[in-house]
Amino acid sequence: MTRSTLRSVLSIGFLTLLTSTALAQQAATSATPAAPCGGDLATFLQGVKAEAIAKGIPADVADRALAGAALSEKVLSRDRAQGVFKQSFTEFSQRTVSKARLDIGAKKMKEYAAVFERAETEFGVPAPVITAFWAMETDFGAVQGDFNTLNALVTLAHDCRRPEMFRPQLISAIEMVQHGDLDPETTTGAWAGEIGQVQMLPEDIIAQGMDGDGDGHVNLKQSSPDAILTAAKFIKSLGFTAGQPWIQEVNLPENLPWEKTGLQTGMTAGDWFKLGVKPRDGNTAFPQLASSLVIPQGRHGVAFLTYPNFNVYLEWNQSFIYTTSAAYFATRLAGAPAYDNHTPEPGLNDEGMKALQTKLQALGHDVGKVDGILGSGTRAALQKEQLRLGIPADGWATQAVLSAL
């Protein structure tokens, strides 16, 4: 199970509270052997304790961590009730990248300027990138979740839906107890075990945790310096390259090979520039970098070139709307103007999207579940049909496209 798949399954933070829907996506099939799960809780916890001891955690620490462990029906209810994300890029980005949050972000970057400078020096990650994630995940720490972390992980590891995902997180949480960085009785976070101002999983906290305030602990709930530096180290571990862009708004010519748009490789920024794609900020200093042209709402809407650093956003969360919004947010914090939305054609409503997906399936395309979401599979299938019909293959689902099909 990849870290990005796990994060996409778990991701909530302030984002969920804003949209009243989870961003969780169905987990990919894992080749990891099934972890022990279910049955009598006391017996299950004995197995967890034995595994923790085998990993070098003292028995008394495991006993203390698991002493009050209990299953949470509220956690299971949230896990079962994960929704689907159906807002457009415009709707979602305009709600999340608000003036108020941009102003707070600017103040945070000034307040913690020395910490951000250290983060960029040591890990190559600029302040706007970290700050955008900080805002998107918990509104700068204001909304971190109120689920008991240890009980949430016990519940999800005991449950037999995805124990291979959650049991390692539970063991890492016990290790955090050993380090004095998690109190089994009082530490709270997201329903699926993410902790702190940037919503990190226990395994990632163990691997990437940084003591930014010098108190000898990694406290991502109360310490903003800890959260900033840990996020920077984590982002670097996902492949962020210092000195390179992540996303760039562009203006488009009337005619492009629209079938080449989307999150795919094979083109460089220079290739797009030669086709008439023009960066809005005029910066063409990275022509050699691999680049994709993404048009979240079709060729008449806002357009972005994405660069290799954008892959970090996809590792953080696999939702295209979330990642594009987070990357755009970071450019705003770095000084870019609000995007020009142009005049995108109206997209299909939920009923229309499901009708489109059903039609694409009937034509032999694999669009996954008929769920009303314009995901990557549906976009790819739609582009193939647009190309076949002689329609600009921008992958944007409109009533005209549905009617043509």
Side-chain angles (χ1 to χ4, degrees), residues 15 18-19 21 23 84-99 246-264 267 272 275-281 291-306 310 313 319-332 336-357 359-360 367 371-387 389-405:
L15 178 59
L18 271 177
T19 61
T21 180
L23 288 184
V84 292
F85 188 65
K86 297 184 179 180
Q87 291 188 32
S88 71
F89 170 75
T90 299
E91 292 168 335
F92 182 70
S93 63
Q94 289 183 356
R95 293 184 70 184
T96 54
V97 190
S98 64
K99 183 181 184 302
W246 49 94
I247 199 170
Q248 181 183 38
E249 186 185 356
V250 292
N251 291 319
L252 305 180
E254 286 294 324
N255 296 307
L256 277 175
W258 302 107
E259 68 278 4
K260 294 184 180 294
T261 62
L263 290 174
Q264 51 188 289
M267 300 276 282
W272 290 112
L275 290 172
V277 173
K278 297 184 181 299
R280 190 176 175 198
D281 61 7
S291 182
S292 297
L293 179 62
V294 296
I295 40 178
Q297 291 177 246
R299 67 193 188 281
H300 297 303
V302 62
F304 299 99
L305 283 181
T306 67
F310 185 73
Y313 290 84
S319 164
F320 173 70
I321 298 301
Y322 176 97
T323 55
T324 308
S325 297
Y328 162 67
F329 198 158
T331 66
R332 293 296 310 280
Y339 61 72
D340 183 349
N341 197 41
H342 302 284
T343 53
E345 296 178 77
L348 293 172
N349 60 19
D350 185 62
E351 181 181 352
M353 272 301 309
K354 289 178 179 177
L356 175 67
Q357 289 175 315
K359 181 63 177 177
L360 290 170
V367 299
D371 54 10
I373 301 173
L374 186 58
S376 58
T378 302
R379 282 183 183 267
L382 180 56
Q383 283 183 296
K384 291 177 182 178
E385 287 302 315
Q386 288 175 314
L387 194 60
L389 293 168
I391 300 172
D394 61 358
W396 179 234
T398 65
Q399 184 60 50
V401 173
L402 179 58
S403 297
L405 287 174

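Contact annotation: the side chain of Trp258 never approaches that of Leu387 to less than 4.5 Å [non-hydrogen atoms, C-beta and beyond]. Contact of the Val401 side chain with the Leu348 side chain is not registered, since no non-hydrogen atoms from C-beta on lie closer than 4.5 Å. Taking the side chain as every heavy atom from C-beta outward, Phe92 and Thr324 never approach each other to under 4.5 Å. Using a 4.5 Å cut-off on side-chain heavy atoms (C-beta onward), Thr378 and Met353 make contact. Arg299 places a side-chain heavy atom less than 4.5 Å from the side chain of Glu345.
Of all heavy-atom pairs spanning Pro253 and Gly276, the tightest one is CD-O, 3.5 Å. In plain terms, the two heavy atoms of Leu356 and Ala397 that are nearest each other are CD2-CB, 3.5 Å. Of all heavy-atom pairs spanning Met267 and Leu275, the tightest one is CE-CD1, 3.8 Å. Heavy atoms only, all atoms of each residue included: Asp371 and Asp350 are closest at O-OD1, 4.0 Å. Closest approach of Tyr313 and Ala326 over heavy atoms only: CE2-C, 3.7 Å. Contact between Ala303 and Leu293 at its shortest, heavy atoms only, is CB-CD1, 4.3 Å.
Here NZ of Lys278 is found 12.5 Å from CG of Leu305. Values are rounded to the nearest 0.5 Å. Here OG1 of Thr398 is found 8.0 Å from CG of Leu382. Values are rounded to the nearest 0.5 Å. With rounding to the nearest 0.5 Å, the separation of CZ in Phe320 from CZ in Arg379 is 5.5 Å. The CD atom of Gln383 sits 4.5 Å away from atom OG1 of Thr261, with the distance rounded to the nearest 0.5 Å. The distance from atom CD of Gln357 to atom CD1 of Ile373, rounded to the nearest 0.5 Å, is 8.0 Å. Note: Thr323 OG1 to Phe89 CZ = 9.5 Å, rounded to the nearest 0.5 Å.
Annotation: ring-ring contact (aromatic ring centres under 6.0 Å, His included) contacts of Tyr328 (sequence neighbours excluded): Tyr339. Residues satisfying the side-chain contact (heavy atoms from CB on, under 4.5 Å) test with Asp281, not counting sequence neighbours, are Gln248, Pro279, Asn283.
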- Message: Could you go through Asp340 and Glu249, starting from their C-alpha distance and side-chain angles, then the distance that decides it, and tell me whether this counts as side chain to side chain contact (heavy atoms under 4.5 Å, CB included)?
- Response: CA-CA 9 Å; Asp340 183 349; Glu249 186 185 356; 3.7 Å; yes

- Message: Before you tell me yes or no, could you show the steps for Arg95 and Gln87 under side chain to side chain contact (heavy atoms under 4.5 Å, CB included), namely the whole-Å CA-CA distance, both residues' side-chain angles and the distance that decides it to 0.1 Å?
- Response: CA-CA 11 Å; Arg95 293 184 70 184; Gln87 291 188 32; 3.4 Å; yes

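Gln297 and Thr90 share a donor-acceptor pair across their side chains, judged by distance under 3.5 Å alone.
The backbone N or O of Gln264 sits less than 3.5 Å from a side-chain atom of Ser292, completing a donor-acceptor pair.
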